[in-house]
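Residue numbers start from 1 in every chain, and the chains themselves are labelled A, B, ... in the order their sequence lines are given, proteins ahead of strands. Every heavy atom of this structure was used, including side-chain atoms; hydrogens, water molecules and symmetry mates were not.
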There are 2 protein chains.
Amino acid sequence: MTKPKEVTIYDLARKLNVSIATVSRALKDDPVVSKKTKKKIFDLAEEMGYRYNHFARNLREQRTYTIGVIVPRLNSYFMSTVIAGIESVANNEGYTLIISQSSETAGKEITNAKTMFNNRVDGMLVSLAYDTDDISHFDQFIKKNIPLIFFDRVNDHPECTSVQIDNRKSAYEATTHLIAQGCRRIVHITATPKRNVYIDRLAGYKQALADHQIPFEEKYLLINNLSQEAGVQAAAEILQMNPLPDAIFAANDNCAVGCMIALKKAGIRIPADIAFVGFNNDPVSTVIEPNLTTINYPGYKMGEMAAASLINHLNGVNSIDATNTILLRSELIIRASSQKIISDSE
Amino acid sequence: MTKPKEVTIYDLARKLNVSIATVSRALKDDPVVSKKTKKKIFDLAEEMGYRYNHFARNLREQRTYTIGVIVPRLNSYFMSTVIAGIESVANNEGYTLIISQSSETAGKEITNAKTMFNNRVDGMLVSLAYDTDDISHFDQFIKKNIPLIFFDRVNDHPECTSVQIDNRKSAYEATTHLIAQGCRRIVHITATPKRNVYIDRLAGYKQALADHQIPFEEKYLLINNLSQEAGVQAAAEILQMNPLPDAIFAANDNCAVGCMIALKKAGIRIPADIAFVGFNNDPVSTVIEPNLTTINYPGYKMGEMAAASLINHLNGVNSIDATNTILLRSELIIRASSQKIISDSE
DNA sequence: TGTATCAATGTAACCGATTACATTGTTTTT
DNA sequence: AAAAACAATGTAATCGGTTACATTGATACA
């Protein structure tokens, strides 16, 4: 284990008979240093294989140029797309990401938050776990003026910006679309209404029913963890209903797909017997047959927006209070799984 | 923007009338400090909201407890699963991840490598981009004794460990399975055979053909980027073939799925007319109809192994030279898309 | 009782940058 | 030609830990 010594600004300064201050200034392209000196320094740095020591700077500047990201899960299509968006912006702006997953548990989320805090991230991007009730583990950031932006699974915190879509409106559109197809007994499958995304979707669903004089029925509300397997189980419950529902609006595509597969296996025709709408526009939605009607969710854009907004805050472009909520456009994508009218006439 | 001052070991030392050395030792639970003193220090640290400054340590120790991860794409099921595995191990061991994506281009991979290098990662985990020919951008790490582990898309570098599956064997099994189903005109869809994964799968495919006295035919080899859209295009090419092939072995599930959808639309029956085998065991493989036979790819495990192996190196548990290649178990999962014999009898 | 041993703590150099303030030499102004 | 203005560079303190080496005081041993 030889440990080749690192080249520092001291080495460069000594070789060129200038001070470390000049070297430091030259390396950050400070206009106060003459062009000639700069060139000498740049060339020598290149030649000697100098590399910048971020830790020295961070120690001195009390900044880290690091952004902490906490997501519920890394291995979901939606989340990895968001992260790809975040990464592209952060990378461009010279920020480094520390990414961790809460695995949908509040406990791990708290641990992760602590790690991020101790790593002195300059800012945080967070999407909350299913079962996080209390968000006091983020108070430490707020207390230290570390900007915190929630995305997707947000929390209505007075000091934080959030980036999301209009879940309520999207759910309203999805449900209205089903009603327009003649559906009246519409099941909604969703997760525990703790997180905004599920609360809002449920609200949109109820509103659409109300606006069309369809009473909301508790029995048509199925709560699970929205996994594909949960969709299969939901299908079993649905098959017990009498009369059968004529439509299902699931709060994500994965669950919808699991449910569709199970129902098809049971001989249900989709959409003729039961129409389907999902949420997210996950790639599986165009693989399942019939293709799944869903809400397009701009994940990459969401990542870009969240990161850009955070970095703007960090650079002092706009104050953290200026923006409360950034709403991204989302839209209903109508595919075969919900088109009763056309499919009946086929 | 008030900037509340940070509590440091100096503050703790002053309050307790001990030296910073004692505080530093106590905080890392050095047995040389008496229990009583330790308790005092811990309690005060808690009370005053002390937080550890990693940068000061990193600056002093010349270590960063950071691992750099470069992947071709973040938003693929396989990769995000691998990263989830890496994250879980790294987090447990107190390491932080810096993750970036090459977007499948050598150029961005080089930039990312430079960023990682300048961030002084303690080690690297890399999966190469499609079009990386020359891997000299990783020499800087090797020169500085920074361990580098490749996973999945590996490079046969004499100084690096690689974590992968036996692609050749898996492809051999997949092809042999198709031959056992009576297939003789087997198309192989894959990416440019630059990366080991594609080279090895092609080799396995060819070997299986040879072992069953089936001549390899160039026209049955389709090269594309393995996206779902590329699968659709491949379907168009396949429909031009006369006679039609009787099986397709695709180097990933996404491409297989795109191809299946397009062929089905054209009236081809699967597996009766054309049998299908994919690669990766992506979730879509159980959504597509018929369900896709594929190779199970232990992504999470691969991430865990790669991270654990790297951290072992870093902790000096085993030398970097000790291990050359770690092969993970993978297996053929037979589903309906390839079962000609059974499906004919249905 | 004198000395060796040891536990507990302290001193101070060091890691590699940034930057306020000081200094030097040159040009411009009057 | 002296004073003012300015461009270029230097000096030295600072960020918050780690740790080799030194010191202190108590106990064990002969």
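- Note: CD1 (Ile9(A)) to P (dC15(C)) measures 13 Å, nearest angstrom.
- Using a distance-only test at 3.5 Å, with no hydrogens or angles considered, no donor-acceptor pair links the side chain of Ser309(B) to the main chain of Ala306(B).
- In this structure, Glu61(B) places its CD atom 17 Å from P of dG16(D), rounding to the nearest Å.
- Looking only at distances, no side-chain donor or acceptor of Arg153(A) sits under 3.5 Å from a matching main-chain atom of Ser127(A).
- Here dC15(C) presents its P atom at 19 Å from CG of Asn58(A), a figure rounded to the nearest Å.
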Base, backbone or nothing for each nucleotide of nucleotides 4-12 of chain C, written B, S, -, heavy atoms under 4.0 angstrom, 5' to 3'?
----SBBBB

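- Nucleotide dT18(D) holds its P atom 7 Å from the CZ atom of Arg57(B), rounded to whole Å.
- Under the 4.5 Å side-chain criterion, counting only non-hydrogen atoms from C-beta, Pro147(B) is in contact with Leu314(B).
- Across the protein-nucleic acid pair, Tyr52(B) atom OH and dC15(D) atom C1' stand 15 Å apart, rounded to whole Å.
- Judged by a 6.0 Å distance limit and a 45° cone about the ring axis, Arg63(B) is positioned over the six-membered ring of Tyr65(B).
- Remark: Arg51(A) is positioned above the aromatic ring of Phe117(B), its terminal NZ or CZ atom under 6.0 angstrom from the ring centre and at most 45 degrees off the axis.
- Atom CG in Asp29(B) sits about 17 Å away from atom C1' in dG17(D), given to the nearest Å.
- Cation-pi geometry between Arg60(A) and Phe55(A) is not met: the NZ or CZ atom fails to fall both under 6.0 Å from the ring centre and inside 45° of the normal.
- Under 4.0 Å is where a charged nitrogen must lie from a carboxylate oxygen, and between Asp43(A) and Lys39(A) at least one such pair does.
- Across all their heavy atoms, Gln101(B) and Pro72(B) have their closest contact at CB-O, 4.0 Å.
- Helix-axis bend for the helix from dT1(C)-dA30(D) to dT30(C)-dA1(D): the local axis fitted to the five terminal pairs at one end deviates from that at the other end by 50°, rounded to 10°.
- At a threshold of 4.0 angstrom between heavy atoms, the contacts of Ser24(B) include nucleobase atoms, whether or not backbone atoms are also involved.
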Report, one pair per line, the protein and nucleotides 23-28 of chain D atoms (nitrogen or oxygen only) whose separation is under 3.5 Å.
none

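- Distance CZ (Arg14(A)) to P (dG16(C)): 11 Å, rounded to an integer number of Å.
- Taking atom CZ of residue Phe55(A) and atom P of nucleotide dG17(D), one finds them 15 Å apart after rounding to whole Å.
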